[in-house]
Amino acid sequence: MLLNAATHAPIEFRPMFQAWVNEAAADGAAAWVGAPGMGIMQQGGALAGNVNAYAEKEFAPWMQDILTAAVGQAIQYGFTAFQPILDTFADFTFSRVEADHEFATLYSAASLRVDGNPVDDWAEGLQVKAAYDAAFAAALAAPEGSAARAKYTGGSPGDFMGYPLSPTGYPAMYQPALAVCVRYATDQVRAQAAWAAFHQHQRIFYTMNPKYNVVP
């Protein structure tokens, strides 16, 4: 809404909204860029939000995906001050499909170690979750694309976890975040590889509801 006002409000009001957008970019950069951990919004600052809301200090990757998509939209509208934030979030977004594609769209995932310090990356977060979740640990130990994995994820072998066919499932919510990262991230080598991996495995049925069907 703020982005829309900053670009489409009557011209005499746009500077006011644009100043607010630039302030949000500055606050976000101060909170997230260069922070320890894997580059997600829960790591501190006024805009951090309450994403560490689950048990065992878990967080919601899908909440991060909503924010990442919004940051990409800000860049699309010309607010290039968001680029450092986008690159920070892109590292996390790419790492999910790089580490283990089926679990890239977990409903809840570990971002903190037992001592309360942030994990270094998504792959470490999966290992932290496995240490206290026996069922997840068994699935993670099974080969990607195996029937044992599918029994845990609830889909077919190789599917992303979290309603893989649904246009409003977790893979669908991941897609806009990944798409803007692929479009705008500085690291285009990882960007293109991540998109190829996602495109290879996603089976989202968008015919009746294409709102998340965003492409780079």
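Just the heavy atoms: all of them, side chains too, but no hydrogens, waters or symmetry mates, feed the values below.
Residues Asp121 and Ser95 have side chains not in contact (no heavy-atom distance under 4.5 Å, counting atoms from C-beta outward). Looking at heavy atoms from C-beta onward, Tyr184 lies out of side-chain contact with Phe82 at the 4.5 angstrom threshold. Taking the side chain as every heavy atom from C-beta outward, Gln202 and Pro164 never approach each other to under 4.5 Å.
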Requested in this report: Evaluate side chain to side chain contact (heavy atoms under 4.5 Å, CB included) for Val180 paired with Thr93, printing each intermediate quantity in order.
Outcome: CA-CA 10 Å; Val180 298; Thr93 304; over 6 Å; no

Query raised in the report: Please walk me through it: do Ile40 and Phe89 pass side chain to side chain contact (heavy atoms under 4.5 Å, CB included)?
Result: CA-CA 6 Å; Ile40 58 175; Phe89 290 168; 5.7 Å; no

Requested in this report: Evaluate the side chain to side chain contact (heavy atoms under 4.5 Å, CB included) criterion for residues Leu112 and Asn117: first the C-alpha distance (whole Å), next the side-chain angles of each, then the deciding distance (0.1 Å), finally the verdict.
Outcome: CA-CA 5 Å; Leu112 300 175; Asn117 290 316; over 6 Å; no

Query - Stepwise side chain to side chain contact (heavy atoms under 4.5 Å, CB included) check, Phe136 with Leu106 - result: CA-CA 11 Å; Phe136 176 75; Leu106 283 168; 4.0 Å; yes

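Here the shortest heavy-atom pairing between Ala172 and Pro176 reads O-CD, 3.0 Å. Contact record, Met161 with Thr105: O-OG1, 2.5 Å, taken as the closest heavy-atom pair. The two residues Ala150 and Ser156 come nearest to each other via the heavy atoms CB-C, 3.8 Å. Of all heavy-atom pairs spanning Leu86 and Cys181, the tightest one is CD2-SG, 4.1 Å. Closest non-hydrogen pair, Ala25 versus Ile85, comes out as O-CD1, 3.5 Å. Residues Gly162 and Pro171 approach most closely at O-CD, 2.9 Å, considering heavy atoms.
Applying the side chain to side chain contact (heavy atoms under 4.5 Å, CB included) test to His101 and every residue at least two apart in sequence or in another chain returns Val97, Glu144, Phe160, His201. The side chain to side chain donor-acceptor pair (under 3.5 Å) test applied to Thr168 returns Ser166, not counting sequence neighbours. Listed by chain and residue number, Asp133, Tyr152 satisfy the side chain to side chain contact (heavy atoms under 4.5 Å, CB included) test with Ala135 (two or more places apart in sequence, or in another chain). Partners of Asp87 according to the salt bridge (Lys or Arg N to Asp or Glu O under 4.0 Å) rule, which considers only residues two or more places apart in sequence or in another chain, do not exist here. Listed by chain and number, the residues in a side chain to side chain contact (heavy atoms under 4.5 Å, CB included) with Gln18 are Ala6, Arg14, Phe79 (sequence neighbours excluded). Judged as a salt bridge (Lys or Arg N to Asp or Glu O under 4.0 Å), and not counting sequence neighbours, Asp187 has no contacts. Taking Asp91 as the reference, Arg190 meet the salt bridge (Lys or Arg N to Asp or Glu O under 4.0 Å) condition, with sequence neighbours excluded. Evaluation of the side chain to side chain contact (heavy atoms under 4.5 Å, CB included) rule for Ala131 yields no partner, not counting sequence neighbours.
Among pairs with a residue in residues 64-81, those fulfilling salt bridge (charged side-chain N to carboxylate O under 4.0 Å, His left out) read Asp65-Arg96, at least two apart in sequence or across chains. Sorted by first and then second residue, the salt bridge (charged side-chain N to carboxylate O under 4.0 Å, His left out) pairs involving residues 173-186 (not counting sequence neighbours) form an empty list. Applying the salt bridge (charged side-chain N to carboxylate O under 4.0 Å, His left out) rule to pairs touching residues 159-169 yields Asp159-Arg203, sequence neighbours excluded.
A donor-acceptor pair under 3.5 Å is formed between the side chain of Arg149 and the backbone N or O of Ala139. Using modelled atom types, no side-chain atom of Ser146 and backbone atom of Ala142 make a donor-acceptor pair closer than 3.5 Å. Listed for the Tyr107 side chain is no donor-acceptor partner under 3.5 Å among the backbone atoms of Trp62. With hydrogens and angles ignored, the 3.5 Å screen pairs a side-chain donor or acceptor of Glu124 with a backbone N or O of Asp120.
Note on ring orientation: taking the six-membered ring where Trp is involved, the planes of Phe59 and Trp122 are perpendicular (angle over 60°, cut-offs 30° and 60°).
For the atom pair CE of Met173 and CD1 of Ile204, the computed distance is 11.5 Å after rounding to the nearest 0.5 Å. Distance OG1/Thr80 to CD1/Ile75: 8.0 Å, rounded to 0.5 Å. The CG atom of Leu140 sits 10.5 Å away from the NZ atom of Lys129 when rounded to the nearest 0.5 Å.
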Under 3.5 Å, which donor-acceptor pairs link side chains of residues 205-216 to any protein atom two or more places apart or in another chain?
residue : atom : partner : partner atom : Å
Tyr206  : OH   : Gln175  : OE1          : 2.8
Tyr206  : OH   : Tyr212  : O            : 3.4
Asn213  : OD1  : Gln175  : NE2          : 3.0

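Tracing side-chain contacts under 4.5 Å through hydrophobic residues (I, L, V, M, F, W, Y), one never reaches Tyr170 starting from Leu165; they form parts of separate clusters.
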